[in-house]
Amino acid sequence: MAAMEEDIYTRDGTVNIHKKPANKTKTGNWKACRFILVTECCERLAYYGMSTNLVNYLKIRLNEANASASTIVTNWSGTCYVTPLIGAFIADSFLGRYLTIASFCTIYVLGMTLLTLSASVHGLKPDCSNGHCHPTASQKGIFFAAIYLIAFGTGGIKPCVSSFGADQFDDNDEKEKKKKSSFFNWFYLSINVGALIASSVLVWIQMNVGWGWGFGVPAVAMAIAVGFFFFGSSLYRLQKPGGSPLTRIAQVLVASVRKYRVEIPSDKTLLYETSDVGSFIQGSRKLVHTEKFRFLDKAAVETEDDSHKGAVNPWKLCTVTQVEEFKSIIRVLPIWATGIVFSAVYSQMNTMFILQGDTLDQHMGPNFKIPAASLSLFDTLSVIFWALVYDQVIVRVAKKYTKNERGFTQLQRMGIGLVISIFAMISAGILEVARLNYVRRNNYYDLEVIPMTIFWQVPQYFLVGCAEVFTFIGQMEFFYDQAPDAMRSLCSALSLTTNALGNYLSTLLVIVVTKVTTRNGKLGWIPDNLNEGHLDYFYWLLAVLSLINFFVYLMISKWYTYKKVVSVAT
């Protein structure tokens, strides 16, 4: 009878909104995830609704040049993927994921509201006449304050929402554990449903109705996201914050350095670990000892001066689980680093793809024009298509050959995406070569829009979307699964920083390429008039970097070992 009663509750340390042990039948699973998925869909609609076409807003309303507008967007996008480190630290250390999401939503909504006002209220928006706008320094200041409030607000949401959704499935229940992999596919699908509406409807509103409405609708979507999130509160499973992960890492470093002369016993069972069933870290499971980075094991070797008055000094003696936490973070870092180049490729959709599309014929029939930024909807459609195909078809076919329940391992899945991203850059480069040849043959150098349909860009968007399904979703699942239980938000944030560094890498490449190729009065690869430049060379550069990155990834993935747990959480 007692065993049956115990089985009613989760065994991963999660609690309900009232801080009581989470009842399996009343909380979590898909019944809780539907609120999280709708929240993510609306939040991503808000984010992409203001960011997808941001490069054109900077050009049209704030008079920024091509290279400058591209740099501003990639720097801001990069910041959006750095701030999650702050939100993740707060979530794992103090507030937990639920309260962190709730708190940062307020900042997010404030930023969206200010952005809408800066684009619609007289005095806050730039004055425009004869197709030219004249922004003042204060108007630019308000605009930048708004977008960086959004960047800070999203920092508490991005690293927590996917992990919070995955928390709704108990890792110690085999039936629930199998559903978790599907959750990440559906989570990324919900992101792209929001992005689909943003890149089609909202971009059209911005270019044809006005920027006030174009930013106002995303602001309302963000408010709806907040409402949905709170509406599902009674169904959520909450993982308790385990205390500062940075402190635990520091303790392992200090203890191992202090004991640099201590010998590690050949019998690893002699290393220090708590005698309890669960780990001493709240809500965390014990981890199996691994042989890599053996120097850190010194922190778990017991000596006579490790205790004071019967109490263990954590700066002198750490548990095996605490040491393995640190090792887990070190192990994922090389995999993390290989995601930076992929993110640089992905960032081209918001910059170079749009600038390339601006030079092509955007007409769809005699009376309708599709904005260049709206082409990203083909990326979104590709993601939706491949996410469903992957979940329903590819996994079933692949596991017959790989004998893996998930079809591919997480590392194999990410590697496939890296290969596809190379072809995405090749596709973009081939189109640019064809476009420039068309310009040369017809002497269209001074033509702003050449008579070549923008739909030639569809293959490169479609390939990027396919690569996302393999690499980005695989990344989300990998960093959640391989993270120590009490560091999952931090590891999710770490995976997001690849987007940040990818954007910064793209910015650096544009700056270096512009500086090098404009020497001696040359126009360079990316001039304001792309008909006189060589954007194709920039795409070839990214393709070569992606190829080198893939071979590095292959070497790292062969070296990697997956983490193993030995107990339930307490």
Side-chain angles (χ1 to χ4, degrees), residues 10 12-17 22 24 26-47 84 87-88 91-92 95-102 104-105 108 154-173 175-195 224-241 283 383 387-388 390-391 406 410 468-469 472-483 485-496:
T10 58
D12 59 359
T14 51
V15 296
N16 62 21
I17 194 69
K24 282 187 179 183
K26 296 179 180 177
T27 63
N29 251 292
W30 288 111
K31 58 180 171 287
C33 286
R34 63 191 177 197
F35 292 99
I36 296 168
L37 294 175
V38 172
T39 297
E40 181 64 8
C41 180
C42 291
E43 187 273 327
R44 291 290 86 187
L45 187 154
Y47 177 81
D92 281 343
L95 296 182
R97 288 185 261 281
Y98 175 81
L99 288 177
T100 301
I101 295 169
F104 278 76
C105 278
Y108 201 132
T154 196
I157 300 171
K158 279 181 186 289
C160 296
V161 175
S162 62
S163 297
F164 187 62
D167 287 344
Q168 307 311 309
F169 303 95
D170 187 352
D171 260 346
N172 295 293
D173 184 314
K175 289 182 180 178
E176 290 195 14
K177 190 176 180 180
K178 288 177 183 177
K179 296 174 185 175
K180 188 174 290 189
S181 185
S182 262
F183 166 77
F184 285 107
N185 289 327
W186 285 99
F187 180 81
Y188 205 74
L189 186 65
S190 70
I191 290 175
N192 282 275
V193 169
I224 293 171
V226 175
F228 258 95
F229 179 73
F230 284 116
F231 198 66
S233 295
S234 63
L235 297 173
Y236 298 147
R237 295 176 186 174
L238 281 56
Q239 192 73 252
K240 298 174 186 175
V383 169
L388 291 171
Y390 187 90
D391 196 56
R406 293 169 170 170
Q410 294 152 352
E468 281 180 69
V469 168
F472 276 156
I473 300 179
Q475 225 175 38
M476 275 197 296
E477 189 177 349
F478 175 80
F479 279 94
Y480 180 88
D481 198 53
Q482 296 305 301
D485 294 344
M487 290 188 183
R488 278 174 166 164
S489 295
L490 192 65
C491 283
S492 291
L494 192 64
S495 74
L496 291 169

Tyr98 and Phe229: aromatic ring centres closer than 6.0 Å?
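Yes - the distance between ring centres of Tyr98 and Phe229 falls below the 6.0 Å cut-off.
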
Ring centroid separation for Phe169 and Trp30, is it under 6.0 angstrom?
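Between Phe169 and Trp30, the centre distance is under 6.0 Å.
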
Among side-chain atoms of Ser489 and Asp92, is any donor-acceptor pair under 3.5 angstrom?
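The criterion, which ignores hydrogens and geometry beyond distance, is satisfied for Asp92 and Ser489.
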
Could you pull out all residues at least two apart from Glu468 that satisfy salt bridge (Lys or Arg N to Asp or Glu O under 4.0 Å)?
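Partners of Glu468 by the salt bridge (Lys or Arg N to Asp or Glu O under 4.0 Å) criterion come out as none, since no residue qualifies.
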
My understanding is that only residues two or more places apart in sequence, or in another chain, count here; which of them pass salt bridge (Lys or Arg N to Asp or Glu O under 4.0 Å) with Asp481?
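Testing Asp481 for salt bridge (Lys or Arg N to Asp or Glu O under 4.0 Å), a comparison that skips the adjacent residues, returns Arg406.
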
Please tell me if the side chains of [X] and [Y] come closer than 4.5 Å, counting only heavy atoms from C-beta onward.
| X | Y | value |
| --- | --- | --- |
| Tyr236 | Thr27 | no |
| Ser190 | Arg44 | no |
| Leu238 | Phe164 | yes |
| Phe183 | Tyr480 | no |
| Cys41 | Leu37 | no |
| Gln475 | Gln410 | no |
| Phe472 | Ser495 | no |
| Leu189 | Val383 | no |

In sequence, state the C-alpha distance, the side-chain angles, and the governing distance for Ser163 and Arg97, and then conclude on side-chain contact (heavy atoms from CB on, under 4.5 Å).
CA-CA 8 Å; Ser163 297; Arg97 288 185 261 281; 3.7 Å; yes

Within this structure, what is the [atom1]-[atom2] distance for the pair [X] and [Y], rounded to the nearest 0.5 Å?
| X | Y | atom1 | atom2 | answer |
| --- | --- | --- | --- | --- |
| Ser492 | Phe479 | OG | CZ | 9.0 Å |
| Glu43 | Ile224 | CD | CD1 | 13.0 Å |
| Arg34 | Phe228 | CZ | CZ | 10.0 Å |
| Thr39 | Phe231 | OG1 | CZ | 11.5 Å |
| Ile473 | Ile191 | CD1 | CD1 | 8.0 Å |

Other residues, nucleotides, ligands: >12 heavy atoms within 6.0 Å of Lys26 NZ
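It does not: Lys26 NZ has 12 such atoms or fewer within range.
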
For [X] and [Y], work out which heavy atoms get closest and say how close.
| X | Y | result |
| --- | --- | --- |
| Ala387 | Val469 | N-CG2, 3.8 Å |
| Met487 | Ala483 | O-CB, 4.1 Å |
| Phe184 | Ser162 | CE2-O, 4.3 Å |
| Asp170 | Thr10 | OD2-CA, 3.4 Å |
| Ile17 | Ser233 | CB-O, 3.7 Å |

Given Lys240, Gln168, Arg237, the one that forms side-chain contact (heavy atoms from CB on, under 4.5 Å) with Thr14
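Only one option passes, and that is Arg237.
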
In a check of side-chain contact (heavy atoms from CB on, under 4.5 Å) between Pro84 and each of Ile157, Thr154, Leu496, which one passes?
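Testing each of Ile157, Thr154, Leu496 against Pro84, the sole residue satisfying side-chain contact (heavy atoms from CB on, under 4.5 Å) is Leu496.
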
Derivation and outcome, side-chain hydrogen bond (donor to acceptor under 3.5 Å, both in side chains), residues Ser182 and Asp391
CA-CA 7 Å; Ser182 262; Asp391 196 56; 3.0 Å; yes

Test side-chain contact (heavy atoms from CB on, under 4.5 Å) applied to Thr100 - qualifying residues, sequence neighbours left out:
Ile90, Ala91, Leu95, Phe104, Cys160

